[in-house]
Structure formats: structure tokens, C-alpha cells
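Okay, so here's the structure we're looking at.
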Amino acid sequence: MKNIYVLGGGIGGVEAAIALTKQFKKDKNYKIHLISNRPFLYIYPISIWIPVGKRTFDDVIMNIQQIADIHGFNFIQEEVKEIKASENKIITDKGEHSYDYSIVALGGTKLRPKGIEHTLSICGSPEEALKIQERFFELIEKGEGTIACGFGGNPKDPTAVRGGPVFEVLFNFDTYLRDKGIRDKFNLIFFSPSQEAGKRLGEAGLKKLQKLFQDKNIQPVLGKKIKQFEEDGIVFEDDSKVNADLILFTPGLNGHPVLKNSDLPLTEAGFVKINKFCQVEGYDNCYAIGDCAYFEGPNWRAKQGHIAEVMGRISAKNIKLQEEGKEPTETYEGHLSILCVMDLGRQGVFVYRNDKKAIAPMGVWAHWAKLAWEKYYKLNKLGKAPTLDFEL
Ligand SMILES: Cc1cc2nc3c(=O)[nH]c(=O)nc-3n(C[C@H](O)[C@H](O)[C@H](O)COP(=O)(O)OP(=O)(O)OC[C@H]3O[C@@H](n4cnc5c(N)ncnc54)[C@H](O)[C@@H]3O)c2cc1C
């Protein structure tokens, strides 16, 4: 019996476990295990609706045990503490697991700039989205306020930045306040140390963003390095200060702490070094996918959910090839693209970028597309809809 372990039950890990069960479904000699610390899969892309109360916590999660039962893999709820790739071992809070192959999909963490405790992030723990909702509704109750939303990068890795969800939450606040007829009582601010925050979306996407800020009366504070966050605002390096009642900030991404405690090769920013087949450098039976991996590509590439899924499927196919005595052939290279629907509340901007084109059309249909994706994603994980590869 050969044991294949997937570590991390997020978007990448769950897809990898499903893909592995498909690759090895008829063979009783293989057992697929998924280890994750949470009993649920948290669907980050739709969590952006929690702050305005359009989704509950339960709407945004899926029970991993249920997914495991449907697809036929073994779910183990444990906390990974260390990966000993040179010994093919995983150490968890409950014991030790030996593997023939592993796929690391533990996601990332965030940098911690000074005063970060005075901010909240939609890209943080699932519980944090609920805290944002609580603070937002407190301000609604009060009847006025200033909300500042921003994001930063990681100077050690240009791909370790997450801006899209920050824009989505900000525009959803705007729509909510307009619907209530109280937008004029609130000041909405977008801040970023970068002068061209959002440029990863491409020329068309960036222009659309700048126009949206103007049309929706959102005050941009761009190109100012952040010194620290305080309880009542953001202090910049030039010692100017923007006061705010609620600060949402998503810092640049950083490698997972478990990886620092393991023997996998890491970049300076703490992400796992992999080759184009998703194999960890130096270990051909260990793969790393999604946010925890460092992957090469065009300078606009980004850590996204659909890339994590593609990498999960690629890894499963390559493991199957290895077991057939062949060399891995599947690579992530041809799949790199930016693909997201930036939701604005009642409309959306459909952002797509690859080597050949960068488009960002906007409309009500894009909002509906995100709603459709939500349904599709859940049905797909429950085995009730086929996997669609969204390549344009
Ligand atoms: C708010 C938000 C909105 C987004 N919107 C989009 C979008 O519209 N489109 C898009 O393509 N991408 C989007 N993304 C990015 C996308 O969600 C990520 O790229 C994707 O989740 C990465 O998947 P992953 O499996 O690598 O990591 P994650 O989804 O973060 O999963 C990591 C998993 O590992 C588990 N874990 C962590 N530590 C341990 C441990 N020590 N032991 C055991 N288990 C552990 C966690 O519980 C989690 O289940 C968004 C991200 C956020 C935060």
C-alpha cells in the first residue's frame, strides 16, 4: 500500500486530493490522505460578502469530511508542525505520518507591520471576516465614519501581494452605504504604498479602478510608505496621518511558519522552491502548490485560487506518471493567468490577463458570473458538476 498525503485543506489541497482520487480510483494499492487543521474548506473568494452581511460564515465553508466521503479520500484533522522531506515524514500535533508522495498546500501567512493589531484583514483567518462585519455594522449604527482599506506587498517577492479582495470589500461597502442612502455620511479611503496599486490587473483593469474611485468618491492615498498603524489611523513615513474609524489592511504575503521549521528549500520570502512540474527542488516525491509555493513566470503573475487548483491537478497527474515509471510532463507554465471577478456589490469587473491580452469589462453580468461561480464551485467539490478549466 502506498500513501499519498496532501497537507492543507484549502482551495489547492482539496482539489489535489480530489484529483489524486481520480487518478488512482481503481487501484486499491494507493491511499490518499488529506491533513488539515480546520474541519472545513474556507472559500476565500466569496468571503468578501461577509463584511456587508450578504453571506454568513456557514455560506462560505464546506465540510471537508463530506467532500472526502464523496470522493473517497481519508481526511485527518491535525495541525502540521514539521515536514521532514529527507525522511518522507510529516509531524503533526497528534503524531507522525510516513508518505510515499506528499503535496504541500498549506497556504501562506502575512507580514506584520508595526501596529497591525489596529487593523483587520479580509485575507486573514475566517473569523476575522466576521469581526469586520461587526465593526462595519457598529459604524452603521453610529450613522457616520471613515473607513480606510489598503494593501501592501512583500519587498522580497513581487508575487506575494493580494489586492483584489481589498477592492471588492471596499466597493461592497460603497454599494451597501448607497443602498441605505447614507453614503454621504461616510468617508471611504483607499491607501497603498504603491503609486500604481492594482497594476497587476493590466492597463485596462488599472484604468477601470481609477475611474471607479472617482465615480464612487473614494479618496485614494497612494505612493506613501506606511510607518505604523494606530488605533485611530494610519501614520505614513512623512509623519502625515489619515484618521479612520475602521482600518482594513492586507499586508504582503509571507511563507508559512511550518515551512521554516522544515527541511524544504525556501525563497527569501519563505515560499517553497519548486520546478515547473510542481516538484519541490531536490525531492521528486514531494510537491508544493498554491500560495505556499514560489513559481516562475511573467512579472504580473499572482498567487490565485485557480492557479492553486491547476497546480493540484498537475501534481496528481505527475505522481501518477511517476508511479507508471514515467517522467513528469505536466507543467503549470501554460496555465498562468490572472482571472478574477472583482465584485462591486451589484456589478463586477471581469479581469483577465495572460501573455497575449489583458481585459477588464464591467457589468451586472460580471456580478452574476461570480454568483454562478459560487454555485459551480460548491457543486464541483460535491462531485455534482464537472471540473471546468477556465482558460480563455
Ligand atoms: C478574501 C480573498 C478573496 C480571494 N478571491 C480570489 C478570487 O476571486 N479568485 C482567485 O483565483 N483567488 C482568490 N483569492 C486567492 C485564493 O483564495 C488563494 O490563492 C487560494 O486560497 C490558495 O489556496 P491554497 O490551498 O494554496 O491556500 P489556502 O486556501 O489558504 O489553504 C491553506 C489550508 O491549509 C490549512 N493549514 C494551514 N496551516 C496548517 C497546519 N499547520 N496544519 C494543517 N493545515 C494547515 C488551512 O486551514 C487551509 O485550509 C482570494 C483570497 C482571499 C484571501
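These values consider heavy atoms only, across backbone and side chains, with no hydrogens, waters or symmetry-generated copies. Note that ligands are numbered from 1 as they come in the structure, with each ligand's atoms numbered from 1 the same way.
When hydrogens are left out, the protein atom nearest atom 25 (O) of ligand 1 is Gly12 N, 2.8 Å; that is the closest non-hydrogen contact. Atom 27 (O) of ligand 1 has its closest protein heavy atom at Gly107 CA, 3.5 Å. Of the protein's heavy atoms, Tyr44 CB, 3.5 Å lies nearest to atom 52 (C) of ligand 1. Of all protein heavy atoms, the one lying nearest to atom 9 (N) of ligand 1 is Gln304 NE2, 3.9 Å. The nearest heavy-atom contact from the protein to atom 36 (N) of ligand 1 is Asn37 OD1, 3.4 Å. Looking at atom 28 (P) of ligand 1, its nearest protein heavy atom turns out to be Gly10 CA, 4.1 Å.
Aromatic rings of Tyr30 and Tyr101 (six-membered ring for Trp) have centroids beyond the 6.0 Å cut-off, not under it. Ring to ring, Phe249 and Phe191 are close: their centroids are under 6.0 angstrom apart.
Residue contact check for ligand 1: Gly9 places a non-hydrogen atom closer than 4.0 Å to it. Not a single heavy atom of Met342 sits closer than 4.0 Å to an atom of ligand 1. His256 counts as a contact of ligand 1, since one of its heavy atoms falls under 4.0 Å from the ligand.
If you number the atoms of ligand 1 from 1 as listed, the ones under 4.0 Å from a heavy atom of Glu79 come out as 40 (C), 41 (N), 42 (N). Listed by number with element, the atoms of ligand 1 under 4.0 angstrom from any heavy atom of Val258 are 41 (N). Counting atoms of ligand 1 from 1 in the listed order, those under 4.0 Å from a heavy atom of Gly290 are 26 (O). Heavy-atom contacts of His306 reach the following atoms of ligand 1: 11 (O) (cutoff under 4.0 Å). Of all atoms in ligand 1, listed by their number and element, those nearer than 4.0 Å to a heavy atom of Lys370 are 8 (O). Applying the 4.0 Å criterion to heavy atoms of Ile11 picks out, from ligand 1, the atoms 17 (O), 21 (O), 23 (O), 25 (O), 29 (O). In summary, the atoms of ligand 1 found under 4.0 Å from a heavy atom of Ser36, numbered by their order in the structure, are 35 (C), 43 (C), 44 (N), 47 (O), 49 (O). The Cys123 neighbourhood of ligand 1 comprises atoms 53 (C), with distances under 4.0 Å to a heavy atom of that residue.
When only modelled atom types and interatomic distance are considered, Trp49 and Asp59 share no side-chain donor-acceptor pair under 3.5 Å.
Using a 4.5 Å heavy-atom threshold, the side chains of Met311 and Phe295 count as touching.
Annotation: cation-pi geometry satisfied between Lys381 and Tyr377 (NZ/CZ under 6.0 angstrom from ring centroid, within 45° of ring axis). Phe24 does not carry Lys2 over the face of its six-membered ring by the limits of under 6.0 Å from the centre and within 45° of the normal.
Separation of atoms OG1 (Thr267) and CD (Glu281) is listed at 10.5 Å; rounding is to 0.5 Å. The structure places CH2 of Trp373 at 6.5 Å from CD1 of Ile43, a figure rounded to the nearest 0.5 Å.
The nearest pair of heavy atoms linking Cys278 to Ser315 is CB-OG, 3.5 Å. The heavy-atom pair separating Gly152 from Val161 by the smallest distance is O-CG2, 3.5 Å. Smallest separation of non-hydrogen atoms from Pro51 and Ile132: CB-CG2, 3.7 Å.
Of the candidates Glu78, Arg38, Arg162, it is Arg162 that places a heavy atom closest to atom 51 (C) of ligand 1. Across the listed options Gly312, Gly8, Pro45, Pro45 owns the non-hydrogen atom lying nearest to atom 7 (C) of ligand 1. Remark: among candidates Gly305, Ala308, Ala16, Ala288, the nearest residue to atom 11 (O) of ligand 1 is Gly305, based on non-hydrogen atoms.
Inclusion of Val80 in the set of residues having an N or O under 3.5 Å from an N or O of ligand 1 is warranted.
Under 4.0 angstrom from ligand 1, there are no non-hydrogen atoms of Glu82. With a 4.0 Å heavy-atom cut-off, ligand 1 is reached by the side chain of Pro165 but not by its N, CA, C or O. With a 4.0 Å heavy-atom cut-off, ligand 1 is reached by the backbone of Asp291 and by its side chain too.
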Practice problem: Kindly indicate, with the supporting measurements, whether the criterion ring-ring contact (aromatic ring centres under 6.0 Å, His included) is fulfilled by Phe40 and Phe57. | Solution: CA-CA 11 Å; Phe40 55 81; Phe57 189 77; 5.7 Å; yes
Practice problem: Go through Lys81 and Thr92 one step at a time and tell me if the side-chain contact (heavy atoms from CB on, under 4.5 Å) criterion holds. | Solution: CA-CA 5 Å; Lys81 295 287 183 193; Thr92 72; 5.5 Å; no
Exercise. Check step by step if side-chain contact (heavy atoms from CB on, under 4.5 Å) holds for Arg178 and Lys216.
Key: CA-CA 10 Å; Arg178 282 176 200 278; Lys216 295 180 180 295; 3.8 Å; yes
